[in-house]
Amino acid sequence: MKQSITTTQETITPEQADQILQEHYRRVADGEYRQRKIYKSILRKYMIDIRAKHWKLSATPIVFDCDGNLANGQHRLEAVRQTGIACEFMVSRGWPPEVIDTEDRGKSRTV
């Protein structure tokens, strides 16, 4: 069956980031989903960029699978939550559940 994947540009507020992350962490705690490690260095860099108003809209979306699980974007959402500053993101929903297995696996992306 073909997945219905949608991608939109959205402003994510700190309150929305908090709500998304709370639900994500609840699912992880309940064993419904797994979570990759938060890298403090990545989180710190994102927070510095956001506070300095250097954050730019990226082609890499915040990704949710078809069950609503957060598959990519945990560091970015955590940075929005901790800085208290809303940011623009591409947000993609409806991916197959195994999308988490194809994501960056905790490694930095390079140009």
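Computed from a predicted structure; not experimentally measured.
- In this model, a donor atom of one side chain and an acceptor atom of the other lie less than 3.5 Å apart for Glu78 and Gln82.
- Atom CG of Asp67 and atom CG of Leu70 lie 13.0 Å apart (nearest 0.5 Å).
- Nearest heavy-atom pair across Ala79 and Tyr46 is CB-CB, 3.7 Å.
- Nearest heavy atom pair, residue Val80 against residue Ala17, reads CG1-CB, 4.0 Å.
- Pairs engaging residues 46-61 under the salt bridge (charged side-chain N to carboxylate O under 4.0 Å, His left out) rule: Lys45-Asp49 [sequence neighbours left out].
- Interatomic distance, CG of Asp18 versus CD1 of Ile12, reported as 12.5 Å (0.5 Å rounding).
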Worksheet entry | Residues His24, Phe64; criterion side-chain contact (heavy atoms from CB on, under 4.5 Å); working and verdict | CA-CA 10 Å; His24 174 66; Phe64 295 91; over 6 Å; no
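- At most 12 non-hydrogen atoms from other residues, nucleotides or ligands lie less than 6.0 angstrom from CD of Gln19.
- Contact detail for Pro97 and Cys66: the closest heavy-atom pair is CD-SG, 3.7 Å.
- Once rounded to the nearest 0.5 Å, the distance linking NE2 of His75 with CE of Met47 reads 12.0 Å.
- The side chain to side chain donor-acceptor pair (under 3.5 Å) with Ser92 is formed by just one residue from the set Thr7, Asp65, Thr6; it is Thr7.
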Item to complete: Evaluate the side-chain contact (heavy atoms from CB on, under 4.5 Å) criterion for residues Met90 and Thr60: first the C-alpha distance (whole Å), next the side-chain angles of each, then the deciding distance (0.1 Å), finally the verdict.
Response: CA-CA 7 Å; Met90 297 308 295; Thr60 304; over 6 Å; no
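- Side-chain N or O atoms of Arg93 include none that pairs as donor or acceptor with a backbone N or O of Thr8 at under 3.5 Å.
- Tyr39 and Val28 fall into different hydrophobic clusters, defined by Ile, Leu, Val, Met, Phe, Trp and Tyr side-chain heavy atoms under 4.5 Å apart, directly or through other members.
- Distance check: Ile50 CD1 to Trp55 CH2 gives 5.5 Å after rounding to the nearest 0.5 Å.
- If you take CD1 on Ile38 and CG on Leu43, they are separated by 6.0 Å, rounding to the nearest 0.5 Å.
- The CD atom of Glu15 lies 11.5 Å from the CD1 atom of Ile20; values are rounded to the nearest 0.5 Å.
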